[in-house]
Each structure stands twice: as C-alpha cells, then as structure tokens.
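Below is one structure, written out as structure tokens; the observations come after it.
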Amino acid sequence: NGKYYSLVYGIPCVLALDPVEKCPLFHFKVNGGALSIATAGCNLSCDYCQNWQFSQKSPEETRNFSLPPAQVVSKALEYKASAIAFFYTEPTIYYEYVKDIAAEAKRLKLSTVMVSGGYINELPLKGLLDCIDAFVIGLKGFTEEFYQKVIHGTLSPVQNTLLTIKESSKHLEVVTLIVPTLNDQEENFRSESRWFLKNLGPDVPLHFTRFNPQFRLKGLPPTPVSALEKARKIAKDLGIHYVYTGNVPAHEGNHTYCSKCGKIVIERLGFQVLHNNLKNNACPWCETRVPGHWN
C-alpha cells in the first residue's frame with residue numbers, strides 16, 4: 001500500500017567492542033572504545049568486500065540479535081564504551097535504526113561514529129548530521145570506470161557526500177583501500193590527492209589501507225607495502241598533512257606527525273595508541289595545533 005518497511009530494524013548481525021582507530025579514526029579520541037554494530041546488507045557490491053559475510057547477505061541469511069535502540073545503548077554502557085560505531089556494513093541500509101540509536105546515545109552523552117561508503121543522497125545525509133559526531137567515508141577509488149566495474153556504483157555521489165560533511169564541520173576522515181592492478185596506478189593517487197586537497201583541505205586525515213584477498217577477488221595478492229608508501233608519499237608531497245597507511249602494523253605510516261616540525265605526536269602500533277604526546281591539542285615541541293577531536 002505504498003509504504004516501505006525496513007527488514008533489518010532492531011536486528012543487528014554484528015556486535016563488537018573496538019578501538020575507534022579500527023574504523024579508522026586517528027584524530028577522534030574516545031576513552032573507552034566503541035560498541036560497533038551492523039545489520040545485514042549494503043547498497044554497493046564491491047568485488048573485494050572485506051565483510052561480505054554480512055554486507056552481501058539478506059537478514060534471512062545472517063545470525064541476528066534482537067536489540068531495540070535503547071538496549072544497544074545499554075550494552076555500550078555495560079561494556080564501558082564511550083561511543084557507538086555504525087560499522088562493518090553500510091549504515092544507510094539501516095538508516096532509521098541508526099537515527100534512533102544515535103538519538104538515545106546523544107541523550108546519554110555517548111559519541112556516535114558512522115563508517116560508510118558515502119553512497120547516499122544529500123537530503124538523507126543531512127538528516128544524519130545532527131546525530132553523528134564523526135564520519136569515516138570510503139573513497140574507494142578515483143575513476144568512474146573503477147567504481148562501475150569493481151564497486152558497482154558511481155564516484156560522484158561519494159564526492160558530494162564528502163563535500164557535504166566537510167561543509168557541516170563534522171569530524172571527517174577518509175579511507176582508500178588500495179587493490180593491486182585495479183586502483184593502484186600512480187596517476188590515481190595524484191588525481192585523488194589533488195581533488196582531496198582542493199575540496200577537503202590539508203587537515204582531513206587520509207588513510208591508504210592494504211587489501212587482503214576476499215570475496216570475488218581471492219585471486220589477487222595482498223597490496224604490496226610499497227604501493228601504500230607510494231600513495232602516502234604522493235599525498236604528502238602534494239600538501240596533505242595527515243596521511244596514514246592501514247593494515248600494516250608497526251609501519252611508520254601508523255603515527256601522527258606534527259605538520260610543522262615533523263616529530264611524532266601520537267605513536268601507534270596498529271590500532272593501539274602507544275604514546276600520545278599532544279599538549280593542549282598541539283605539538284609539545286613547536287606548539288602547532290593538530291586538528292581533531294581530542295577531548
């Protein structure tokens with residue numbers, strides 16, 4: 001009768017307690033980690049999906065938990081989490097559930113994080129800006145051909161999402177998974193970094209992460225570390241201040257460096273923060289401010 005009904009409201013298939021660095025969020029500090037939650041489904045079908053067992057399934061095919069929004073927040077408090085992360089699958093699929101959980105979380109002073117492919121129209125995205133504190137958006141490549149053939153979507157809506165979030169002043173970090181032979185060309189790194197710098201500025205963190213063979217691309221090798229290093233160098237040389245390498249623990253690209261003096265202000269091992277040297281949200285040596293949510 002002309003009404004749509006959500007098939008996943010209140011029945012998540014993923015519940016996990018994570019450090020926010022796993023999202024990845026490197027410039028958004030919370031004290032007690034995040035309760036991550038997801039339901040089945042996605043509005044994209046990436047050939048390399050790392051969570052295909054949940055995202056590329058219907059709710060009839062996953063093991064689900066019955067958790068209304070208030071109980072999700074209660075679980076977060078029970079496990080002493082400081083945030084709720086909508087993570088692992090695409091939150092736009094469970095949009096109404098996200099909004100109701102986030103409203104309850106805000107009432108109880110919990111932070112909210114949305115990890116998304118950014119494939120969403122502007123009006124519903126704006127409906128999330130009041131209830132989400134931090135966004136991690138997957139800019140999965142930088143050509144329409146790659147998006148159409150590998151992601152099974154298009155690039156421009158993701159760019160529009162990034163612009164809308166940037167204009168809102170909400171916390172934003174961007175992640176690009178580098179897939180061997182498909183989006184690891186040097187010119188792609190340059191094009192993405194130039195667009196990023198022009199439209200998002202030098203201070204939004206950019207994460208280049210390592211692909212591990214999954215889903216329809218099990219025949220490809222893991223991303224060579226040299227490809228991540230090349231992407232990071234290009235982005236930094238073009239003027240982006242905070243560029244990270246992901247899924248390579250103990251790599252120098254895990255750390256946060258002062259954009260002026262170059263010293264390590266936050267030292268990490270994978271998703272673990274070993275030392276945070278920030279003083280009043282700034283480098284303790286030269287007092288250059290490090291943008292982020294540090295309180």
Side-chain angles (χ1 to χ4, degrees), residues 21-28 48 50 118 136-143 145-147 150-151 155 158-159 162 166 172-213 217 220-278 282-283 285-286 288-292:
E21 285 80 8
K22 189 175 181 180
C23 291
L25 275 175
F26 278 17
H27 287 230
F28 189 88
Y48 57 70
Q50 307 287 288
V136 178
I137 301 298
L139 182 57
K140 298 173 185 289
F142 211 71
T143 66
E145 180 183 16
F146 177 79
Y147 259 85
V150 180
I151 307 303
L155 172 61
V158 182
Q159 292 174 303
L162 290 167
K166 174 63 177 175
L172 171 65
E173 302 196 23
V174 179
V175 58
T176 298
L177 187 76
I178 298 178
V179 187
T181 74
L182 296 179
N183 68 346
D184 62 346
Q185 294 79 17
E186 187 171 320
E187 186 49 43
N188 285 350
F189 302 149
R190 293 190 185 282
S191 298
E192 176 178 337
S193 297
R194 289 191 189 105
W195 183 90
F196 189 103
L197 191 63
K198 178 181 178 181
N199 293 279
L200 305 181
D203 290 334
V204 171
L206 173 59
H207 304 256
F208 290 110
T209 61
R210 192 182 196 193
F211 158 86
N212 288 306
L217 295 183
L220 288 180
T223 311
V225 175
S226 60
L228 299 170
E229 292 172 338
K230 180 184 292 185
R232 180 170 180 262
K233 184 177 187 304
I234 287 171
K236 287 178 67 66
D237 286 350
L238 285 171
I240 301 174
H241 290 159
Y242 306 102
V243 189
Y244 299 99
T245 52
N247 296 338
V248 188
H251 192 275
E252 64 177 18
N254 288 182
H255 310 315
T256 298
Y257 298 84
C258 175
S259 62
K260 183 177 181 180
C261 72
K263 291 185 178 179
I264 295 176
V265 291
I266 302 177
E267 183 181 358
R268 300 181 185 85
L269 179 62
F271 304 133
Q272 181 183 4
V273 175
L274 301 179
H275 297 102
N276 185 337
N277 298 314
L278 290 177
C283 172
W285 293 283
C286 69
T288 298
R289 178 178 168 271
V290 179

**Study point:** side chain to side chain contact (heavy atoms under 4.5 Å, CB included) between V175 and Y244, intermediate numbers included
**Key:** CA-CA 9 Å; V175 58; Y244 299 99; over 6 Å; no
Exercise for review: Using salt bridge (Lys or Arg N to Asp or Glu O under 4.0 Å) as the criterion, list what pairs up with E267, not counting sequence neighbours.
Suggested key: none
Review point. Between the side chain of E21 and the main-chain N/O of G270, is any donor-acceptor distance below 3.5 Å?
Key: no
Check your understanding: Do Y147 side-chain atoms and K140 backbone N/O form a donor-acceptor pair below 3.5 Å?
Key -> yes
Non-neighbouring partners of [X] that pass side chain to side chain donor-acceptor pair (under 3.5 Å), sequence neighbours left out:
X    : value
T245 : H251
N188 : Q185
R210 : none

Point to revise | Near-ring test F26/Y242, centroid separation under 6.0 angstrom | key: no
Check your understanding: Can you name the one residue among F189, F142, F208 that meets side chain to side chain contact (heavy atoms under 4.5 Å, CB included) with T176?
Key -> F208
Exercise for review: Could you list all the salt bridge (Lys or Arg N to Asp or Glu O under 4.0 Å) pairs where at least one residue sits in residues 233-258, not counting sequence neighbours?
Suggested key: R232-E252, K233-D237
Show me the donor-acceptor pairs, under 3.5 Å and distance only, between side chains in residues 195-207 and residues at least two apart or in other chains.
unit_1, atom_1, unit_2, atom_2, d
N199, ND2, W195, O, 2.9
D203, OD1, H241, ND1, 2.8
H207, NE2, E173, OE1, 2.7

Practice item. Quick one: closest heavy-atom pair of L155 and T143, and the distance? Key: CD2-N, 4.2 Å
